[in-house]
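Heads up: the structure comes next, in structure tokens.
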Amino acid sequence: MQQSAEASRRIAALSAQLHPPGLQMQGIPPLRLENCRAKGGAPGFKVAILGAAGGIGQPLSLLMKMNPLVSVLHLYDVVNSPGVTADVSHMDTGAVVRGFLGAPQLENALTGMDIVIIPAGVPRKPGMTRDDLFKINAGIVRTLCEGVAKCCPNAIVNLISNPVNSTVPIAAEVFKKAGTYDPKRLLGVTTLDVVRANTFVAEVLGMDPREVDVPVIGGHSGITILPLLSQVKPASSFTSEEIDYLTNRIQNGGTEVVEAKAGTGSATLSMAYAAAKFANSCLRGLKGDAGVVECAFVASQVTELPFFATKVRLGRGGAEEIFPIGPLNEYERVGLEKAKKELAGSIEKGVSFIRK
Ligand SMILES: NC(=O)c1ccc[n+]([C@@H]2O[C@H](COP(=O)([O-])OP(=O)(O)OC[C@H]3O[C@@H](n4cnc5c(N)ncnc54)[C@H](O)[C@@H]3O)[C@@H](O)[C@H]2O)c1
Ligand SMILES: O=C(O)C[C@H](O)C(=O)O
């Protein structure tokens, strides 16, 4: 029977995946696709991780491979993605894993994706601020988002690369330029701030962190990270000493890890956990689950700023509802004014990087 050019191309690509370079080097003979009985792949969503070979990317790839809502997992990086892909692909979970290496393979990595998670970019060293990463990471995020706009304009983007307060506005401008911008589908990942806040508050209260819910609003850097201790669930009261301690610890959690790692990077394992938690909520929203709520840094009208992190409800279209900040005490009101001042500059810096 005559095969179309497209069918031949697809069979060649699939055969290459069944016979990755590692096997070729060992002289293991290829399995002919037509002789393969495996159907492969559970029903579910297609997820790409850009920066999959990095400190966050590797454990995040592992966690997403374990997620039963994922049917296809694309792992893209500019280095080492074949190794990470070969490794993760041996896990006996449902998702089919494919690896993509370097700029020429970015478009294949992105085509058809439902969710794109971006932890690509350089991390901090001691003494640096997240804004010090702007010079390198702004360009990386721009290029990757141009790929998203071209190849999977309807995907939900989970942006992790720092400085999040500027990279999310950069991504928005790239999508606007391409005519694909849907604010509901662009989400800056601030889940690590919530994860830390739940942990530290639970420690103070002597509770299980899984039973604590601390809203963290604003942005993802220093004083823009604003935990709302007056809204902790279950309702709890704190001394002013506890409020100072918890606010400082949550705002400086990233720096605590950067200093402990002493020049070898920033949070990777807790971040992979947080990113996997957030992506799972996005997947549940896509699936149509009701009442899925997370904090995220999104386009927002809850303040005068164009972007702001608050609780959002995740649905089939992404962040379908953005919740208001809610009642604040005086300590939080002061914190909010300081956070907004710093955030305004970071957002403007991101916007003008693309508009310049
Ligand atoms: N949002 C958050 O809460 C949060 C938390 C922790 C870290 N981060 C940020 O996440 C980023 C990554 O941190 P990490 O510890 O994984 O760093 P890392 O250096 O270990 O890994 C980054 C990966 O990105 C890859 N990369 C670089 N340029 C790329 C490109 N153009 N396309 C695809 N991949 C590319 C690198 O090859 C590397 O594998 C940093 O910017 C860090 O500040 C954010
Ligand atoms: O602190 C960093 O640079 C990484 C990340 O933003 C974090 O909060 O851990």
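The first residue of the sequence shown is numbered 1, and numbering continues consecutively from there.
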Notebook entry, point to check: Would you call Lys65 and Asp87 a salt bridge, taking side-chain N to carboxylate O under 4.0 Å as the test?
Noted result: no
Check: With a 4.0 Å cut-off, would you call Glu107 and Lys150 a salt bridge?
Finding: yes
Checklist line | Lys233/Glu211 salt bridge by N-O under 4.0 Å criterion | finding: no
Note to self: For the SG atom of Cys282 and the CG atom of Leu69, what is their distance to the nearest 0.5 Å?
What the structure shows: 11.5 Å
Notebook entry, point to check: Any Lys/Arg nitrogen of Glu203 or Arg249 sitting under 4.0 Å from an Asp/Glu carboxylate oxygen of the other?
Noted result: yes
Notebook entry, point to check: Testing Val312, Val292, Asp289 for side chain to side chain contact (heavy atoms under 4.5 Å, CB included) with Ser281, which one passes?
Noted result: Val292
Notebook entry, point to check: Could you state the interatomic distance from CZ (Phe308) to CG (Leu336), rounded to the nearest 0.5 Å?
Noted result: 5.0 Å
Margin query: For Glu294, is there an ion pair with Arg313 - N to carboxylate O distance below 4.0 angstrom?
Written below: no
Next item on the list: Find out whether the Lys NZ or Arg CZ of Lys349 is both under 6.0 angstrom from the six-membered ring centre of Phe353 and within 45° of the ring's axis.
Entry: no
Margin query: Before you tell me yes or no, could you show the steps for Leu133 and Met128 under side chain to side chain contact (heavy atoms under 4.5 Å, CB included), namely the whole-Å CA-CA distance, both residues' side-chain angles and the distance that decides it to 0.1 Å?
Written below: CA-CA 8 Å; Leu133 306 172; Met128 291 171 81; 3.7 Å; yes
Item checked: Side-chain donor-acceptor contact under 3.5 Å, Lys261 with Thr268 -> yes
Note to self: Within the supplied structure, the quantity of interest is the number of heavy atoms (other residues, nucleotides, ligands) at a distance under 6.0 Å from Arg210 CZ; does it exceed 12?
What the structure shows: no
Check: For Asn165 and Thr224, does a side-chain donor sit closer than 3.5 Å to a side-chain acceptor?
Finding: yes
Check: Roughly how far, to the nearest 0.5 Å, is OG of Ser300 from CD1 of Ile322?
Finding: 5.0 Å
